[in-house]
Amino acid sequence: MRVEYTPDGILLPDIGLWLDPQQACSAAWISHGHSDHARELHGSVFGTSATLRFYRMRWPEDEGVAQDLHPVEFGETVDFGGARLTAYPAGHILGAAQLLVEYGDERLVYTGDIKLRAPLCGATTEIVPCHRLIIESTFGLPIYHFLSADQARGRIVTMARECLEQKTTPVFLGYPLGRGQEIAHVLCTAGVPTAVHGAIARFIPEYEASGYTFPGWRPYENGITGAALVVVPGMRNYLEAAGKRIRVAYVSGWAALDNARTRANAEELIPYSDHADFEELLALVDGSGAREVDVVHGYTEPFARLLQLRGLTAQAPSAAVQREEAEG
C-alpha cells in the first residue's frame, strides 16, 4: 500500500483516505479531538464517536461542516475504498484511536498520538499486529520516563491536600481537552474541592457521557478560595496579580526535563503524559511485529535510527507534518 507524506498530512492514495490532514480533503480519518488533528472541514470524516463529537464542537453545523460523519467504535470494522478500516484504543485522550488499514494482504497501523500505559480517563491502548507501523515519537528519547496513572493520581491529590491545609491555593495547569479533564476527575473523585476553568469545563459533559464523574466541581470564578484550581496554561501571572498565594503544578511529559520548573514557571513537577515515553514507544513497536516503521512526529530521526540499529526498516519521512504540541 502506498503512503504519501505531505505538508498537509498523510495520504493513502490507493484508497483515497487522508490521516489527520491539515487541509480540507474529501475523506479523512481523525485520530482524536485535539485541534491540531480535528481541523478543517472535510467531506467524509471517520473517527470514534467521541472524537467526532469533539470535531463537531470545533466545527458546529451552523458553520457549514459536512454532515457525512462516520463513527467507528473500538473493535469495529468498516469498508472504505477497497480496504477494511478498524479502530483500536490509543489511550491519548477520550476517544483517541489507532487505525488498522487492511488492504490486500497488508496490515498497516497508524497510531496517531498514543500512549501505552493506562490513562487517567479513556480506554487503554491495545497493541495491534501489523506489517507496517506509522507511529508518533513526541518523547522518543531515552531521557523520558513517565509516571503511571496511579502514581500521577497520588501526586496530584497529595499536593492539593497539602496546599489546602497550608492555606495555599493549589493550581494545576491543564490543556483544555484531555489533561484538564483528567486532573479535574482525579481531584473531584478524591473529594478535593475543585474549581475548573471554562475552557476545560465545556468538555466535561462529554467525559460524563462516557462514565467519568466529577462530583462537586464548580466553575472557576475570580475570588474563589478553599479549592484546587484547574486552569489553562498562562494563568499564573493573573492569579498572582489577584493576590492569591498559590503553588503551581506542571503535569506533563515535559516535566521530566531538568529545565521544567523554569520552562513552566511551576513549583511542582509531575511527569505524567498523554503520550508514550521512550520505553512505551519501544514496546509498541516490538509488540506490533512490524518490520517497517515510519516515525512521523517528535524526535523522528533519532528514534528511527535507533529502530534501524534494532534491525527494523525505519524512516523519518521529511515531508511528514511536525505538529506543535501544546501539551504533553
Side-chain angles (χ1 to χ4, degrees), residues 1 10 12 15 17-21 27-38 42 44-58 68-81 83-103 106-136 138 148-150 177-179 181-182 185 203-213 273-276 280-281 283-290 296-297:
M1 185 188 322
I10 303 170
L12 305 180
I15 65 174
L17 182 68
W18 287 82
L19 308 176
D20 287 332
W29 165 261
I30 305 298
S31 65
H32 66 281
H34 277 152
S35 59
D36 59 334
H37 293 255
H42 308 300
S44 296
V45 181
F46 296 83
T48 65
S49 57
T51 293
L52 294 181
R53 288 195 298 270
F54 294 137
Y55 177 77
R56 177 68 78 195
M57 291 175 75
R58 298 190 186 283
D68 195 14
L69 303 182
H70 303 273
V72 186
E73 306 306 344
F74 297 140
E76 183 179 352
T77 298
V78 299
D79 294 326
F80 178 80
R84 288 165 51 85
L85 311 179
T86 308
Y88 291 91
H92 178 60
I93 65 169
L94 184 67
Q98 307 170 76
L99 180 66
L100 167 64
V101 182
E102 296 175 279
Y103 184 73
E106 184 178 358
R107 291 169 60 91
L108 177 147
V109 168
Y110 171 65
T111 67
D113 289 350
I114 192 169
K115 65 180 293 181
L116 186 55
R117 291 187 177 95
L120 289 166
C121 296
T124 301
T125 293
E126 299 177 31
I127 298 180
V128 184
C130 60
H131 303 108
R132 184 173 183 177
L133 180 68
I134 304 174
I135 190 170
E136 61 117 339
T138 299
S148 68
D150 286 343
L177 175 57
R179 184 66 42 71
Q181 292 77 27
E182 287 191 316
H185 169 70
F203 294 110
I204 283 180
E206 294 299 328
Y207 277 73
E208 290 176 324
S210 295
Y212 298 97
T213 59
S273 181
D274 49 18
H275 292 266
E280 289 175 271
L281 287 171
L284 284 162
V285 172
D286 290 345
S288 74
V296 295
H297 178 71

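No experiment lies behind these values; they were computed from the predicted model shown.
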Query raised in the report: Does the side chain of Leu12 come within less than 4.5 Å of Trp29's, by heavy atoms?
Result: no

Query raised in the report: Do side-chain atoms of His34 reach the backbone of Leu177 as a donor and acceptor pair under 3.5 angstrom?
Result: yes

Report task. On the 0 to 90° scale, with breaks at 30° and 60°, tag the His32-His37 ring pair as parallel, tilted or perpendicular. Result -> tilted

Query raised in the report: Are the side chain of Glu280 and the backbone N or O of Leu116 linked by a donor-acceptor pair below 3.5 Å?
Result: yes

Requested in this report: Determine, stepwise, if the pair His92 / Lys115 fulfils side-chain contact (heavy atoms from CB on, under 4.5 Å).
Outcome: CA-CA 6 Å; His92 178 60; Lys115 65 180 293 181; 5.5 Å; no

Report task. Give a yes or no answer on whether the side chain of Glu136 reaches the backbone of Ile114 with a donor-acceptor pair at less than 3.5 Å. Result -> yes

Query - Derivation of the side-chain contact (heavy atoms from CB on, under 4.5 Å) call for Leu17 and Leu99 - result: CA-CA 12 Å; Leu17 182 68; Leu99 180 66; 4.0 Å; yes

Query raised in the report: Between Thr51 and Ala96, what is the shortest heavy-atom contact and its length?
Result: OG1-N, 4.2 Å

Requested in this report: May I have the step-by-step check of side-chain contact (heavy atoms from CB on, under 4.5 Å) for Val101 and Tyr110, ending in yes or no?
Outcome: CA-CA 8 Å; Val101 182; Tyr110 171 65; over 6 Å; no

Query raised in the report: Taking atom CD of Glu206 and atom CZ of Arg56, what is their separation to the nearest 0.5 Å?
Result: 12.0 Å

Requested in this report: Examine distances only and state if a side-chain atom of Thr86 and a backbone atom of Leu100 form a donor-acceptor pair shorter than 3.5 Å.
Outcome: no

Query raised in the report: So, for Ala38 and Arg58, which heavy atoms are closest and what is the spacing to 0.1 Å?
Result: O-CD, 3.7 Å

**Report entry** Euclidean distance, Arg53 CZ relative to Ser210 OG, rounded to 0.5 Å
**Finding:** 5.5 Å

Report summary line: For Leu133 and Cys130, the nearest pair of non-hydrogen atoms, with its separation, is CB-SG, 4.0 Å

Query raised in the report: What's the spacing between Leu108 CG and Glu102 CD if we round to 0.5 Å?
Result: 10.5 Å

Requested in this report: For side-chain contact (heavy atoms from CB on, under 4.5 Å), just list the numbers for Arg132 and Val109, CA-CA rounded to whole Å, side-chain angles, deciding distance to a tenth of an Å, and then say yes or no.
Outcome: CA-CA 6 Å; Arg132 184 173 183 177; Val109 168; over 6 Å; no

Query raised in the report: Do any N or O atoms from the side chain of His42 and from the backbone of Ala27 form a donor-acceptor pair under 3.5 angstrom?
Result: no

Query raised in the report: Which atoms form the tightest heavy-atom contact between Cys121 and Tyr207, and what is the distance?
Result: CB-CE2, 3.8 Å

Requested in this report: Starting at OH of Tyr88, measure out to CD1 of Ile127 and round the result to the nearest 0.5 Å.
Outcome: 13.0 Å

Query raised in the report: Does Pro129 offer a backbone N or O that forms a donor-acceptor pair with the side chain of Arg107 under 3.5 Å?
Result: yes

Query raised in the report: Within a strict 4.5 Å, meaning less than it, do heavy atoms of the Pro119 and Thr124 side chains meet?
Result: yes

**Report entry** Heavy-atom side-chain contact between Leu85 and His70 under 4.5 Å
**Finding:** no

**Report entry** Interatomic distance, Gln181 atom CD to Ile93 atom CD1 [nearest 0.5 angstrom]
**Finding:** 8.5 Å

Query raised in the report: What distance separates Trp18 CH2 from Ile10 CD1, expressed to the nearest 0.5 Å?
Result: 9.5 Å

Report summary line: Looking only at heavy atoms, the pair that brings Gly81 and Tyr103 closest together is O-CE1, 4.3 Å

Query raised in the report: Can any side-chain N or O of Asp20 pair as donor or acceptor with the backbone N or O of Gly112 at less than 3.5 Å?
Result: no

**Report entry** Distance-minimising heavy-atom pair for Ala118 and Ala149
**Finding:** O-CB, 3.4 Å

**Report entry** Any donor-acceptor N/O pair, Tyr212 side chain to Gly122 backbone, under 3.5 Å
**Finding:** yes

Query - Side chains of Glu182 and His185 in contact at under 4.5 Å (non-hydrogen atoms) - result: no

Query raised in the report: Does one side chain, of Ser49 or Glu73, offer a donor that lies under 3.5 Å from an acceptor on the other?
Result: yes

